[in-house]
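Okay, so here's the structure we're looking at.
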Amino acid sequence: MKVKQELYRRALAEVLDTFGINEEELFSSNKEACMQGRIVLIRTLSPYLSDGDIALLTPLRRCSICQIRNKYKEASAAWSVRRCIDVINNELKKEQP
């Protein structure tokens, strides 16, 4: 679980920095930046963690995580969201053993 927590911590830090928000806003606000931040966080963690693992690490419910993951369509996402996902995924891949 320690590896999962570290992966989550790194992805969360990148999302918060990129969108200029804090953790409380990310999970409780419906501002566009916060909603995009949640999408980016979940999409970047999905290849590495299950929905249940993400739910344990965040205040989000597993069904909410599953809904975000399944409803995300890359073609209709904002350019900033796609770019942020790519950047964070590249950073996470570099640090994987």
Side-chain angles (χ1 to χ4, degrees):
M1 188 65 168
K2 201 168 200 164
V3 172
K4 293 176 184 179
Q5 289 173 335
E6 179 62 21
L7 183 68
Y8 167 73
R9 188 192 60 71
R10 288 195 329 256
L12 178 64
E14 287 291 330
V15 168
L16 296 178
D17 186 50
T18 300
F19 289 96
I21 54 178
N22 63 42
E23 190 172 353
E24 182 181 333
E25 285 179 311
L26 177 67
F27 295 116
S28 63
S29 177
N30 283 331
K31 292 186 216 172
E32 186 173 355
C34 299
M35 293 186 323
Q36 289 178 350
R38 286 191 295 268
I39 291 169
V40 170
L41 181 65
I42 291 167
R43 293 300 301 171
T44 55
L45 291 175
S46 289
Y48 307 103
L49 304 174
S50 68
D51 292 349
D53 289 336
I54 297 170
L56 289 173
L57 295 167
T58 67
L60 299 173
R61 295 184 346 237
R62 190 193 65 76
C63 60
S64 299
I65 294 164
C66 184
Q67 182 180 27
I68 290 170
R69 185 176 43 80
N70 289 332
K71 286 191 173 185
Y72 172 78
K73 301 289 185 240
E74 187 170 335
S76 62
W79 178 87
S80 59
V81 170
R82 291 192 312 257
R83 179 72 180 128
C84 189
I85 289 171
D86 291 341
V87 168
I88 294 174
N89 275 335
N90 289 336
E91 287 296 318
L92 294 177
K93 286 177 186 175
K94 279 195 275 186
E95 297 180 21
Q96 293 295 318

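Position 1 is the first residue of the sequence, and the numbers go up from there. Not measured: the values here are computed from a predicted model.
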Point to revise | Check: Leu26 main-chain N/O paired with Ser29 side-chain donor or acceptor under 3.5 Å | key: no
Exercise for review: Say whether, by atom type as modelled, one donor and one acceptor occur between the side chain of Asn70 and the main chain of Cys66 under 3.5 angstrom.
Suggested key: yes
Review point. Does the pair Val15 and Ile88 meet the rule for a side-chain contact (heavy atoms from CB on, under 4.5 Å), with working shown?
Key: CA-CA 8 Å; Val15 168; Ile88 294 174; 3.7 Å; yes
Look up atom [atom1] in [X] and atom [atom2] in [Y], then write down how far apart they are to the nearest 0.5 Å.
| X | Y | atom1 | atom2 | result |
| --- | --- | --- | --- | --- |
| Thr44 | Leu12 | OG1 | CG | 9.5 Å |
| Leu56 | Asp51 | CG | CG | 11.0 Å |
| Gln67 | Arg62 | CD | CZ | 11.5 Å |
| Lys4 | Leu57 | NZ | CG | 8.0 Å |
| Arg38 | Glu25 | CZ | CD | 11.0 Å |
| Gln36 | Thr18 | CD | OG1 | 11.5 Å |

Exercise for review: Check whether Ile68 and Leu16 end up in the same hydrophobic cluster, where Ile, Leu, Val, Met, Phe, Trp and Tyr are linked by side-chain heavy atoms less than 4.5 Å apart.
Suggested key: yes
Review point. Is it true that Met35 and Ile42 fall in one hydrophobic cluster, defined by side-chain heavy atoms closer than 4.5 Å?
Key: no
What's the shortest heavy-atom distance between [X] and [Y], and which atoms?
| X | Y | result |
| --- | --- | --- |
| Cys84 | Val40 | SG-CG1, 3.6 Å |
| Ile21 | Ala33 | CD1-O, 4.2 Å |
| Tyr48 | Asn89 | OH-O, 4.1 Å |

Review point. Side chain to side chain contact (heavy atoms under 4.5 Å, CB included) with Ile65: which of Asp53, Leu60, Leu41?
Key: Leu60
